[in-house]
Structure formats: structure tokens, C-alpha cells
Amino acid sequence: MVKAPLTQMAVTVFEYNREKPARGLCVVRQAEVPPVLAGHVLVNVLWRPINPSDIMCLQGIYQGFRPTKLPAVPGLEGMGVIAAVGEGVSGWKEGTRVTAAPWTYAEQGYGTWQEYTQVRAEHLVAVPAEVGDHQAAQFLVNPMTAYGFLEDLQVPADEWLLHNGASSVLGRELLCMARRRGTKLINVVRRHEAVDELKALGADEVICSTDEPVAQKGGALYLYSLMGGEVVEVPGSDVLFRAVVLHGWWLNVWLASLSPQQLRAALQPLYTVGTRTQAVMGMLADGTVRPPPPRKVYHLDEAGAAVEDAQQKSAGGMGKVMLSS
Ligand SMILES: NC(=O)c1ccc[n+]([C@@H]2O[C@H](COP(=O)([O-])OP(=O)(O)OC[C@H]3O[C@@H](n4cnc5c(N)ncnc54)[C@H](OP(=O)(O)O)[C@@H]3O)[C@@H](O)[C@H]2O)c1
């Protein structure tokens, strides 16, 4: 049984700053553990990955982190165990391994980079025994994005989805889900070694953009990342003569577009062994999608060093730097 203490360790940001090194923006301090609210559970967070979006939160450029006041606690995803169950909540009990979609108050500045955080009961997702802690902690940001993107696009059977950034963690998860759905996918990577890495994951088509040109036809272009920089240039001649259309795709917008029933179907929290499903937790449980083990683990009180490490360039698909409690 987990017992919530009165105070906890929390990583807080007192300012957003794109000029300062992000490590200097993380201040570890003691904070109160709030009493559990009605309709909520208090989660004792055990693991959190550091994603590119977390770094953007520290820099103040991520639209999914909009605290009304500072200091605020970052952290958009993670996993933990239920420490307390609020009034009116049924079906959940203390000690259950959980993650959430979304972490209810992360956007408002009560994220997962603290030991305890409140989650609305309807946002909880049970973690099946087949899914390890590190994998469960990476449930929301990348696997849900890969799933949502494929659901949203509904790529027709006679068309191809061409994906650059294919060697990233997100790219590899998209590949595994696309194979499961039968979506035809061309994977574009920059490093030669990544060609074999993706083929080992079952990729049929991999192009190394260092060796050959990628796109010569028109099509719809979906921008889902700012890894290439905040300014995106699309040649006017491509728009005019090749009918290239530019869209943006963001997990938060897609999640907000779902009814509660559609969201439940996507999450499938009540996974039963042996069930074939395309829902996200089911695909983690049956091994279709395997978020990688951590590249390095830091304790929460070393958040600054962990952030600095996460910002170092590493080859695509390497595991995340993770924060433990
Ligand atoms: N829109 C959304 O809702 C959403 C949701 C989740 C993630 N994302 C974004 O998706 C991206 C990948 O996330 P992740 O967690 O998978 O990151 P990751 O595992 O850290 O992947 C980074 C890898 O992507 C490759 N890469 C970096 N810059 C690139 C560029 N300009 N062009 C092509 N490839 C590049 C590099 O691989 P190589 O060294 O092998 O080339 C790099 O190692 C991030 O930008 C993240 O913010 C967006």
C-alpha cells in the first residue's frame, strides 16, 4: 500500500528562457502534496521520459504547457501507482499501476516531474502486467501520436505514407503500427545504419536521404515536429506546380477531437491477454510496439543534469533519458 506524505520533491520552473541552458531552469524543491480531490486519484509518479516537447516546455515554446502562473511543474507523461482515491471514484484502487491520457493538469503546470500528482479518474489508463514501467511511462506522447496520426489519415490501401524522421522513437513506433494496420509506408532516414535498423523492425521500404532524392511528386505534407527548426520553408513552386499541401498534426488537437468513447477505444485500458487489438495499450502489451529502454536514468533531484543529457544529440531511436523517483 502506498501512503502519500505531506510534502514531496518537485522539479519547478520559475521562468521560461530560450537563451539560457535548459538545465539551469529546473529547480528542485519541496512542495506540498495536495489532498486528493473528488473524482480524482493521487498518483505516486515513478518514471517519466524526457521528450523533445518537455524541453520546449522549459523554453516556453510548447503550446501544450500554458500555466497561468509560475513556478510550474513540467512533465507531460509518466507512470506510477495510485496513492489515494478521491470521493466518487469507483473501479480504481490504491497500488494499481497506471498511466494517463492526458495527465489532467500537466498543461496547467502540475506535470509529472514531481512525486505526486492528481489525475481525473476518466484520464487514467491501467497498465497491464505485460507492459514494463519504462514502457508504460512512454505510453502517451509517442505511441498515442503514431496511433492517432494513422487513425486520422486513414491512408487508402492504394496510397503510400512517406515518413521522414523515421529513425526517431516516434518513427519506429509508427512503422510498427503501420505494419499492423497494413498501411504502406516509405521510411526516410538520414543515417546509413538506420536503414538496416528499420528493416530489422520489418520495414519494406527505407530511403536514406543522404544518398538519393526523396519526393518528386505532389501530395499532402503533414508537419508534426520542429526538429528541423521553427521556420518551415515550402518552395512556392512545389505548392503551385506539384500541388503540395501543408498541414500540421498535433496529438493534443487530435485528443481533443475524440468523444470519451472514441478515446477509451483508442486506449483500451482493460486489456485481456490473448486479445488482438489495434488499441494502443493492447499493442504495447502484445509487443507490436516496444518503446525502447532508457538511454540513461537520473533521479528526480538530478533533473537539471538529466535535461542537459536529453538535449545532447543522439542517434535516432535511442532510448529516452528518464527521471525516476
Ligand atoms: N505532433 C505531435 O503531436 C508530436 C507528438 C510526439 C512527438 N512529436 C515530435 O516528433 C519528433 C520525434 O520525437 P521522438 O521522441 O521520437 O524523438 P527522438 O527519438 O529523440 O528522435 C530524434 C531523432 O530524429 C532524427 N532527426 C532529428 N532532426 C531531424 C530532422 N531535421 N530531420 C529528420 N530527422 C531528424 C534524428 O535521428 P537520426 O540521427 O537517426 O537522423 C534524431 O536522433 C520530435 O520533434 C517531437 O517533438 C510530435
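All heavy atoms count here, side chains included; hydrogens, waters and symmetry mates do not. Atoms within each ligand, like the ligands themselves, are counted from 1 in listed order. Note that the structure is a prediction, hence the values are computed from the model and not measured.
Close approach of ligand 1 to V169 (heavy-atom distance below 4.0 Å) involves ligand atoms 16 (O), 19 (O). Near S167, meaning under 4.0 Å from any of its heavy atoms, are these atoms of ligand 1: 37 (O), 38 (P), 40 (O), 41 (O). Close approach of ligand 1 to G228 is summarised as follows: ligand atoms under 4.0 Å from at least one heavy atom of the residue are 31 (N). Interface atoms of ligand 1 facing N142, defined by a heavy-atom separation under 4.0 Å, are 6 (C), 7 (C), 14 (P), 15 (O), 16 (O). Counting atoms of ligand 1 from 1 in the listed order, those under 4.0 Å from a heavy atom of L251 are 2 (C), 3 (O).
Contacts of V141 with ligand 1, taken as heavy-atom pairs under 4.0 Å, involve both backbone and side chain. Contacts with ligand 1 closer than 4.0 Å are made by heavy atoms of both the backbone and the side chain of S168.
Without hydrogens or angle criteria, N51 side chain to S53 main chain gives no donor-acceptor distance under 3.5 Å. Remark: the backbone N or O of V289 is not paired with any side-chain donor or acceptor of R180 at under 3.5 angstrom. Of the possible donor and acceptor atoms, one in the side chain of T145 sits under 3.5 Å from a partner among the backbone N and O of V141.
If you check each of K313, M227, K320, R191 against atom 39 (O) of ligand 1, the one with the closest non-hydrogen atom is R191. Distances from atom 10 (O) of ligand 1 to the heavy atoms of W249, Y62, Y224 put Y224 nearest. Residue R190 holds the heavy atom nearest to atom 25 (C) of ligand 1 of all those in E173, R190, M56.
Counted by atom type alone, H40 and Y105 present one or more donor-acceptor pairs between their side chains at under 3.5 Å. H163 and Y222 are not linked by any side-chain donor-acceptor pair at a separation below 3.5 angstrom, with hydrogens and angles left out of the test. No side-chain donor-acceptor contact under 3.5 Å links T104 and R120.
Looking only at protein heavy atoms, the nearest one to atom 43 (O) of ligand 1 is S314 O, 2.8 Å. Annotation: atom 5 (C) of ligand 1 to nearest protein heavy atom, T145 OG1, 3.1 Å. In terms of protein heavy atoms, atom 16 (O) of ligand 1 is closest to L170 N, 2.8 Å. Taking atom 45 (O) of ligand 1 as the reference point, the nearest protein heavy-atom neighbour is S225 OG, 2.8 Å. For atom 34 (N) of ligand 1, the closest non-hydrogen atom on the protein side is G165 CA, 3.6 Å.
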Going through the checks in order, is the side-chain hydrogen bond (donor to acceptor under 3.5 Å, both in side chains) test met by R179 and T288?
CA-CA 9 Å; R179 288 190 72 222; T288 301; over 6 Å; no

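The closest side-chain heavy-atom distance from P291 to V169 is not below 4.5 Å. Between L76 and D54, the closest side-chain pair of non-hydrogen atoms falls below 4.5 Å.
Not a single heavy atom of V189 lies less than 4.0 angstrom from ligand 1.
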